[in-house]
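Below you'll find the structure, written out as structure tokens, and then a few comments.
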Number of protein chains: 2
Amino acid sequence: MYICPMYSSELLKGTLKTIVLNLLKEQGKMYGYEITQRVKMLSSDKIQITEGALYPLLHALEKQGEVTTQEEFIGKRVRKYYSLTEKGTVSANEKVNELSDFMLTLRFLLNLDSTSANG
Amino acid sequence: MYICPMYSSELLKGTLKTIVLNLLKEQGKMYGYEITQRVKMLSSDKIQITEGALYPLLHALEKQGEVTTQEEFIGKRVRKYYSLTEKGTVSANEKVNELSDFMLTLRFLLNLDSTSANG
DNA sequence: TCATTATGCATAAGAAAGTTATGTATATTT
DNA sequence: AAATATACATAACTTTCTTATGCATAATGA
């Protein structure tokens, strides 16, 4: 049986924060578990954000004033929703632009550019 | 005066090994300093590989049998040339393919696949 | 009904892979 | 002569993950 391989973990390093900020920007507000599931789904299981990586990141973003939180109770269980502040929105845009630029540079460095005019 | 900004260092993590293996594959053989300079040039100074990152990586690659070395003297100064073994060539191809795939996934995740011509 | 899986948060210990700093030495440029 | 460039190497430290653990509620299935 074929197991869809995840990317080696080094690759996620450095992009996780960008992914999370961008999701929050697009979705308005999300809670931690939801973020892990959405990334898993959107990446066809090739990116699985671990809780040990995500929650500390979210806490750090809150501490730095890039996100605010809002708790909601589903029955007896709490959900902690995160949404971007203005600062976080700026940061999200910057991060996405930088990563996009970086990927262009990488494509050039690795000679991955198709023969046509784009890149 | 405008300083061309380097990418935040997290981004390089996870891609350095791929970059080095791919350069060696394309160039046949290279020495450490040459690698740093080529990446700097090809990236318009936006990626600067530090020696503290590069040399330990090259030593690890040699230990794992992915590269072999060959010393050459330029006057009294030594240059240590690295070239890929067969194993290293396989590894280079795998790494580049994985990174390429990962970037596609990222573009999708981050909604960077604009319908128009730019990104 | 009881076990398993899913949902949902959190944190601590450890590993990986960089940065920064330092060291040594030769060659070139100003 | 001093500064910069070339060329290697390694140690201490930091960042940022993974892995492991813990707690608790909800849903599913045998």
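Naming: A, B, ... by sequence-line order, numbering from 1 per chain. Every heavy atom of this structure was used, including side-chain atoms; hydrogens, water molecules and symmetry mates were not.
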Task: Co-membership, hydrophobic cluster, residues B:Ile35 and B:Ile74, 4.5 Å side-chain - done: no
TODO: Choose from D:dT10, C:dA17, D:dT18 the nucleotide whose nearest atom is closest to any side-chain atom of B:Tyr55.
DONE: D:dT10
Polar atom pairs (N or O), protein with nucleotides 28-30 of chain C, under 3.5 Å:
none

Ignoring hydrogens and angles, write down the donor-acceptor pairs under 3.5 Å from the side chains of residues 58-67 of chain A, residues two or more places apart or on other chains.
from, atom 1, to, atom 2, distance (Å)
A:His59, ND1, A:Tyr55, O, 3.3
A:Glu62, OE2, A:Thr69, OG1, 3.1
A:Glu66, OE1, A:Ser91, OG, 3.1

TODO: Using atom CG of A:Leu61 as one end and atom P of D:dC17 as the other, report the distance to the nearest whole Å.
DONE: 11 Å
Task: Nearest-Å distance for atom pair CG/P, residues B:Leu58 and C:dG18 - done: 11 Å
TODO: Output the single nucleotide from C:dG18, D:dC17, D:dT6 whose closest atom is nearest the side chain of B:Leu16.
DONE: C:dG18
Open item on the list: Under the criterion side chain to side chain contact (heavy atoms under 4.5 Å, CB included), I'd like the reasoning laid out for B:Leu54 against B:Tyr33: C-alpha separation, chi angles, the key distance, then a yes or no.
Closed with: CA-CA 9 Å; B:Leu54 182 62; B:Tyr33 187 75; over 6 Å; no
- [ ] Write down the distance between CG (A:Leu12) and C1' (C:dA16), rounded to a whole number of angstrom.
- [x] 14 Å
Open item on the list: Rounded to the nearest 0.5 Å, what separates atom OH in A:Tyr7 from atom CE in B:Met103?
Closed with: 10.5 Å
- [ ] Tell me, please, which residues at least two apart from A:Glu94 pass side chain to side chain donor-acceptor pair (under 3.5 Å).
- [x] none
- [ ] Rounded to the nearest 0.5 Å, what's the gap from NZ on A:Lys13 to CG on B:Leu12? Could you check?
- [x] 13.0 Å
Task: Under 4.0 Å protein heavy-atom contacts per nucleotide of nucleotides 21-28 of chain D, with B for base, S for backbone only and - for none - done: ----BS--
- [ ] Starting from Watson-Crick (N1-N3 plus N6-O4 or O6-N4) and G-U wobble pairs under 3.5 Å, report the runs of at least three that DNA chain C belongs to.
- [x] C:1-30 with D:1-30
Open item on the list: Between A:Ser43 and A:Val39 (side chain of the first, backbone of the second, donor and acceptor by atom type, cut-off under 3.5 Å), is there such a pair?
Closed with: yes
Open item on the list: Applying salt bridge (charged side-chain N to carboxylate O under 4.0 Å, His left out), can you list everything that pairs with B:Lys95, at least two apart in sequence or on another chain?
Closed with: A:Glu10
Task: Residues forming a side chain to side chain donor-acceptor pair (under 3.5 Å) with A:Ser8, sequence neighbours excluded - done: B:Glu98
- [ ] Round to the nearest Å and state the distance from B:Ile19 atom CD1 to C:dA17 atom C1'.
- [x] 14 Å
Open item on the list: Between A:Asn93 and A:Lys25, does the side chain to side chain contact (heavy atoms under 4.5 Å, CB included) criterion hold? Intermediate values first, please.
Closed with: CA-CA 9 Å; A:Asn93 289 327; A:Lys25 185 183 145 201; 2.7 Å; yes
Task: Interatomic distance, B:Glu71 atom CD to B:Tyr31 atom OH [nearest 0.5 angstrom] - done: 14.0 Å
Task: same_hphob_cluster(A:Met30, A:Phe73) at 4.5 Å side-chain heavy-atom cutoff - done: no
Open item on the list: From CD of B:Gln48 over to C1' of C:dG18, roughly how many Å is that when rounded to an integer?
Closed with: 15 Å
TODO: Output yes when at least one side-chain N/O atom of A:Ser9 is less than 4.0 Å from OP1 or OP2 of D:dT18, else no.
DONE: no
Open item on the list: If you take any heavy atom closer than 4.0 Å to DNA chain D, which residues from residues 25-35 of chain B end up in contact?
Closed with: B:Tyr31, B:Gly32, B:Tyr33
Open item on the list: Strictly below 4.0 Å: does A:His59 bring a side-chain N or O up to OP1 or OP2 of C:dT11?
Closed with: yes
Open item on the list: Rounded to whole Å, please give me the gap between CG in B:Leu57 and C1' in C:dG18.
Closed with: 11 Å
Look for any protein N or O under 3.5 Å of an N or O in nucleotides 13-15 of chain C and output each such pair with its distance, or none.
none

TODO: Write out all pairs satisfying side chain to side chain donor-acceptor pair (under 3.5 Å) with one or both partners inside residues 80-90 of chain B, taking only residues at least two apart or from two chains.
DONE: B:Arg79-B:Tyr81
Open item on the list: According to salt bridge (charged side-chain N to carboxylate O under 4.0 Å, His left out), who are the partners of A:Glu34, at least two apart in sequence or on a separate chain?
Closed with: none
Open item on the list: Using every non-hydrogen atom in the two residues, find where B:Leu21 and B:Gly88 come nearest and quote the distance to one decimal.
Closed with: CD2-O, 4.3 Å
Task: Rounded distance in Å - CG (B:Leu11) to P (C:dT19) - done: 11 Å
TODO: Take the protein atom CZ of B:Arg38 and the nucleotide atom P of D:dT6, then report the distance between them rounded to whole Å.
DONE: 14 Å
Task: Atom pair CG (B:Leu99) and CG (A:Leu11), whose distance is rounded to the nearest 0.5 Å - done: 6.0 Å
Open item on the list: Can you list everything that forms a side chain to side chain donor-acceptor pair (under 3.5 Å) with A:Thr36? Sequence neighbours excluded, please.
Closed with: none
